[in-house]
Every structure is written in C-alpha cells, then in structure tokens.
2 protein chains.
Amino acid sequence: MTTLPDCQALDARDPLSPLRALFHIPEGVIYLDGNSLGVMPRATAARVQAVVQEEWGVGLIRSWNTAGWFEWPQRIGDKIGRLIGAGPGQTVATDSTSVNLFKVLSLAMALQQRRAPERRTIVSERSNFPTDLYIAEALCRQHGWTLRLIDAAELPGCLGGNTGVLMLTHVNYRTGAMHDMAGITAAAHAAGALTVWDLAHSAGAVPVDLNGANADFAVGCGYKYLNGGPGAPAFAWLHPRHAAALGPDLWQPLAGWWGHAAPFAFTPNYQPAPGIGRFLCGTQPIISLAALECGVDTVLAAEPLGGMAALRAKSLALTDLFIDLVEERCAGHGLELVTPRSHAQRGSQVCLSRQTGAYAIVQALIARGVIGDFRAGDDQQPDILRFGFTPLYLSHADVWHAVEHLRQVLDSGEWQRPEFHRQHAVT
Amino acid sequence: MTTLPDCQALDARDPLSPLRALFHIPEGVIYLDGNSLGVMPRATAARVQAVVQEEWGVGLIRSWNTAGWFEWPQRIGDKIGRLIGAGPGQTVATDSTSVNLFKVLSLAMALQQRRAPERRTIVSERSNFPTDLYIAEALCRQHGWTLRLIDAAELPGCLGGNTGVLMLTHVNYRTGAMHDMAGITAAAHAAGALTVWDLAHSAGAVPVDLNGANADFAVGCGYKYLNGGPGAPAFAWLHPRHAAALGPDLWQPLAGWWGHAAPFAFTPNYQPAPGIGRFLCGTQPIISLAALECGVDTVLAAEPLGGMAALRAKSLALTDLFIDLVEERCAGHGLELVTPRSHAQRGSQVCLSRQTGAYAIVQALIARGVIGDFRAGDDQQPDILRFGFTPLYLSHADVWHAVEHLRQVLDSGEWQRPEFHRQHAVT
C-alpha cells in the first residue's frame, strides 16, 4: 500500500516541484480541474495591471506600436508553438477554439476540394467535444459535405475513399484517452485525407509534435493547461507546407482586416496575408491576451527543468498514483476506471465512472476543496467523475489527500446528503 | 473670436463635466482619439484585478456559476442595448466586430435567400471600413452573391431589385459623416432589402435607436466610444421580429457550443438557441469582458445627467467649437473640413484634409500630447487628420488648447521637422 510519506518522498525528489510557486493555489484547495480552467499564475495579476494601467491607461492608442500589441497574436502564438512542436511563424493566438476550428476546417475542406473534389466527408469521433461536432456540422450543411461519426476503435479502417478531412481531438475531454497523432495522421494521409487536430486537452499537458507528426491543421485552447485565464484566446496552427502552398485566392471565410496582407493600407479588396497571418480576423482582446501569455510562460518555465518531457513524466506519475490509490483505498464503491491504463493512450486526466451518484460525489469533494468535475452520461456513456492533473502545480501529496477525501466521502456516505444532489451547469 | 475664457465658461456650465472624473487622463494629454481606443475608466483597474485575483484566482472554475460568468455576454449586451435603442435580450457582447459581422451578414443573407432568392447583391459604401467590405466580399464569394460598392450620395436610389442586403457603417470612420438610419432603413425595406448596420463609431457616441429605426441587424465595437479597453469584445444585435421568426433550421455558420440551445447537455447535434443567444460561438475572454463592462458603465453613468441626448448635445458643441476655432485660428494653412457641418450628418469626430503634410502635422500634435490620428488618402480621397471627441471626458477648454497647439504647429512650421515624417502603422 502506498502511504502519504511515500508520496511526500516522491515530492522531495520531484525536479518540477519549484514550479508550484509560480501559481496562486487557494488555501485548502486541491485543484484537479486544470483541464477545464487552469490555476492563476502569480505573475498574471501584476502583468494585467501593467497592461491596463500603463499600456492602455498611459500609452493609450500609441501602445499598438510602443507596447507591440500588433505583434502579440504571433508572438504569443510562437511561444505556444514551442509546446506543440511548431516552428516560429506557424501559430497564432486569437479568437476562441470554436472560431479557430471554423477557420482551419474551412480551409482544410477548401484545400481538399481542389485536390480531390469527390472527397466530401468529414470523419470525427462520436465522443468528440460537442462544439467541434457543431462547427463541422455547420460547415457540412453549408458545403454539402457529410459528417460521419465513428468510434475511436474504427480508426483507421473507417477512412474510406470519400474521406476528405479527419477531425479529431487529440485527448478526449470525457475519457482522457489520447490518440497516436503521428500514426493516425500517417494513416489519414495514406487514405488521402487531411487532418485537423484539436489540442484543447493536449497543449501544455502532453508532448505534441505537430511538425514531427506531419499534421495538417490544429487548434487549441488557452484556458486549460496553458493557464491563460477564463475564456483566454485560443490558437490555430497550420503546417508550413500548406502555408507555403496557400495562394492569394484560398481564403478562410473569416476574412477580416487583421488577416489582410496589408491591414493598414485600408484597401477595398481582401488579400490574405501569407501563411498563418491569414488566420487572424478582427482586433484581439489585448488584456486577455496578456493573461494568456503569463499562462504560457508558466509552461515554458519547465523548459530548463526538462520541458514537456519532464512534465509528461510527472503527469503519468501523478495519474498512475491516483489510479493506484483509488484502487487501493476506494475499492468496493463501484468506481470504474474509464481512462486508459496504457501510458501511450492517456492524457493528463483520470476519469472514473459510477452507475449512480457521480454528480453528488463530485459535489461532496468540491465542498471539501477537492475540485474536479462531473460529466453527465447518456445511453452510450456512463456518468463520469473527471480529474485533471496539472504537473506544474500538483504534488504527489495532493493526489494522496484527494483520494483520501474521496475515500472519506464514499465510506461515510457523505455524498448522499441532499445538498450535493441538485444539478447545475459546470463548464 | 472665441477665447479660452469663453470655453472655460462653457465648461463651468457643462452638466456632464463631473463625468471626466470617471477616467484616467494622462498628464499633459488631450485625447482626441477615443474613436480609435477610448480612455481607461478609473474603475477598470480595480475591477479587472478583482476578476483576476478573486473570481479566477480564488473562485477558479466555480466562478462560471458563482460570479455569473456564463451570463456576461447577455448581461453586458443588455447594458450596451440601452445605448443603442435595443430592449433586453436583444444584444450580446462577444467576439470581434469582424467575426460578429460575419455572423449577422450570413444570417441576413440566409433570411433574404428564403424570401427573395433572386436578390443576391450586398450594397455597401465604397468608403466603408475595410474589414466590413472584406467580410462581405468573403461571403459573396462563398454564396455566389455580388458586392456592389456605391457612394453615399447614391442612396437610396441605388437599391435596385437585386439588392438583398444593405450593409452600412452608421458613422463613417474616415469622414465622420453619419447616415440617417431610420430613413435609409425605411428606404431599404421599401426596396425589399434587409439592413446590417455597423455601429463601431456610433455606440456611446451618438444616439442610436435600432428598434425605433426598425433596423434588422447590427454589430458594433467595444473599444472605441464604449471605453472597453484595447481589443475589447464587440457586440451583435438583431431585431426581435427576426429573433422570433428564426426557426431551429436557420443557423449562423459559427455554430459553436455557446450558441447551442442547451450548451451543457453536450448533445452531438447542433440546435441553435432562440433569439440572440445563437450569436454566441465559443468561450468569451472574461477578463476583457470585465473591462468592457466598466467602459459601458461610464457611458451609462450619463443616464441621470440626460443620457445619450445630453452626450450628443455636448458632442455637437465640442465639434462645432473645434470647427469654428480651426477656421478662426488656423486659416490660410490649407486645411479643409471633410466632416459635414450639418448636425444631422455628423458623428462625434471632425476630419480635416490637407494636400500634403497631414501625417507630419498629426505626429507633431502627438509629440505635444494632442493625440488624434492620420488616415492616408488614395486616388479618390485626400489624406486626413482625424479628431474624435468623446463628451464624457473632453472639455471645451481641451478643444481650445488642441486648436492652439494645431495653430502653433502650423504657424511655426514645426510639423516640417524631419522626425515627424516617418510613416508607421496607426490603428
């Protein structure tokens, strides 16, 4: 049996443990929801204040130039690029994940339309995050394409001759299951399809190598493992081979002035900027972008300590520990592991299912300061208790205490108290 | 001749003068660029800090419910609605102006397609803000429509039988010329067209009555006269008669989860929310939204002092004064008034043209702390010196001093100094 001192000993040897000091963790909270909204970095408050009071308040309009606001989408995009295997100039921080997915999926469909016009199907996973499916559904309606939903187990055999685009979320938001990006991309390319990857639960959480995997398009989220703050701007990426091949006549439909080749020439006709620049549309929320940059910097702070490889090793250690402790200490309570045991298939979260009571158990844990979240099931999927593990600020002892709270909630029947049973929205 | 004491006497009688205290005006600055980026309200820094440190830092994921983040796009939208003649539930604060224009224009085109499929032309003004034209151009390409650019003088006679949508910016960004929204909307409707109004230079600057004008769709900007901060989220509005008539099968294409009828049911198929809710797409930048709300509140603070009518009266007094003083004190320097003298046709800015030197004169003024901006001309339009007048924080004495600086810059030839002649981007 694993003990608390065992966990504390692991923490004492953890080369990443100094990174916790970069964050403000509220007193009494064990935060296992960084997959939904990352914790606030300590640097963010002062940086945001400087942007508001100095750059805006004093610099006013001049700060577009003097503070470099114009460059932020690309500059912060480049920082994110270092975490996802992208080179400089390949990534922009902008808009929301949904809006960015609309842009990249539109362009992927347009590209494929030129190469193989008979390929008019988007293949995606039935359990993909709903907004991804909605955006794909809307674009299929508009362009007369078909959206075909499959189970992960059907990949890659399901990629028939009519598949134009394979759109997947790298790490599943419900289960934490992770796809083999390089293998699936290669299979998709062999089948003649382009790939669009959603890195919402990957960027800053697991190693990603977009260029190495030869992926085509990607989007991702700024407010989860990148710790960019509530609703932080998202990002978009495209492979340089596509960027180089995009001529002036291949637009993404959100053809706003910021994606123009010469936005301040104020010419009446649209001319897309070369490369990733054309994924910009309107003016970006500078204050929220500043917070995003602080969040990205917390992940980059791991670079001298081993970077994403070290973060990944710790993430797997934490999720392994959580699974082991739940199995050791919470046995007999009907919890089932949903997340794959295999390291190669696991993101940075662990999901447990339970026939009944999952919602109330999560609420009872939150009342104790152990913040995870609940995802409702349906005919095909069980209710889920979802726990995200951010190795930047979580310790092995945190994991021990979290499971100890879970054990107490279950053993005592505390979760059956009526106040834990009212449902309300959780993002 | 008007004197400084005359101006000071006007300030002494100005019922809106207490509102200046709501803003941080940097020492030595006369800010005539609120039409590009509004000044920072004093309340914003503390509010943003509270959102970062308390709502995010301590509340974490729970703040989506406990701080009401979920409701902000509608709640702030309703506050903006009070400034543009919109009822509750008709406006959302979200995304950028360009992205919102894409949404409303898409829906306007789809609506018109059902009513009169032969009407496949968008009419807009040649001198409209470029991003509006780019977005329209992109949608026309996509749907096989035509974008027809006209001069304002051609309205409404140019609205032929093939006009589906008339898309106009209410106050022209270059000239400050304002359209008669009610009259043009009535003419457009009589001609069978729907109207899309861009209120970027109107919201918080001039009285707007969208419902009274029976307009169809509108978008607008949060960072100009609404003082929402750099790149603040924008807004979108649609008339309740359209909102009521939009069935579940009429989507705007950015069909993200936040515009779903039940975003947290995580169902695989998109079902648009009723009414304005379907104009939401992804998760919004909460920190920037908080700053936007502070800005909107500064305009609402004028409500007990007479509201938009009082702001309008002062705006006209300031722009009249500026025009008079320039003509009295800067005569013989080749400045021409571009903005209409007629109050009914004037927004809250004054533009002057000059054959040469406009850029350098603006730079010389900026060096003296008088911040306006420059807009380059082309074959058809002259170079422009652009001055925005925000009655919330500008005084009559500010106008006097601004013109006195302009006079000195011109009389002394100071603007001819080489350091004022290098061009760089200005938003």
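Labels below follow one simple rule: chain letters A, B, ... track the order of the sequence lines, proteins then strands, and each chain is numbered from 1. Side chains included, hydrogens not; waters and symmetry mates left out as well; all remaining heavy atoms used.
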Below 4.5 Å from any heavy atom of chain A, which atoms of [X] appear? Answer side chain, backbone, both or neither.
X: B:Ile371; value: side chain
X: B:Gln142; value: side chain
X: B:Ala291; value: side chain
X: B:Arg141; value: side chain

Notebook entry, point to check: A:Val51 versus chain B, heavy atoms under 4.5 Å apart: side chain, backbone, both or neither?
Noted result: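 Contact with chain B: none, neither part.
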Next item on the list: Please look at A:Phe23 and chain B and tell me whether the side chain, the backbone, both or neither of the residue comes under 4.5 angstrom of a heavy atom of that chain.
Entry: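 Neither part; nothing is under 4.5 Å.
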Item checked: Any side-chain heavy-atom pair of A:Tyr134 and B:Trp258 under 4.5 Å ->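 No. Closest side-chain heavy atoms not under 4.5 Å.
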Short side-chain to backbone donor-acceptor contact, [X] and [Y], under 3.5 Å:
X: B:Ser98; Y: A:Gly256; answer: no
X: B:Ser288; Y: A:Ser288; answer: yes
X: A:Glu137; Y: B:Asn269; answer: no
X: A:Trp69; Y: B:Gly231; answer: no

Next item on the list: For each of A:Thr267, A:Leu60, A:Val48, tally heavy-atom pairs with chain B at distances under 4.5 Å, and name the one with the top tally.
Entry: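 So the answer, after comparing A:Thr267, A:Leu60, A:Val48, is A:Leu60.
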Checklist line | Single hit among B:Pro230, B:Ser96, B:Pro285 for side chain to side chain contact (heavy atoms under 4.5 Å, CB included) with A:Pro285 | finding: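 With A:Pro285 as partner, side chain to side chain contact (heavy atoms under 4.5 Å, CB included) holds for just one option, B:Pro285.
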Notebook entry, point to check: Highest number of heavy-atom pairs under 4.5 Å with chain A: which of B:Ile135, B:Thr97, B:Leu133?
Noted result: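 Highest number of heavy-atom pairs under 4.5 Å: B:Ile135.
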Margin query: Quick check for you: among B:Ile287, B:Asp95, B:Thr44, B:Thr131, which has the greatest number of heavy-atom pairs under 4.5 Å with chain A?
Written below: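 Top option by heavy-atom pairs under 4.5 Å: B:Thr131.
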Notebook entry, point to check: Can you tell me how far the CG atom of A:Asp33 sits from the CD1 atom of B:Ile61, to the nearest 0.5 Å?
Noted result: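 Taking CG in A:Asp33 and CD1 in B:Ile61, the distance rounds to 5.0 Å.
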Check: Between atom CD1 of B:Ile366 and atom CZ of A:Arg62, what is the distance when rounded to the nearest 0.5 Å?
Finding: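 Rounded to the nearest 0.5 Å, the CD1-CZ separation comes to 8.0 Å.
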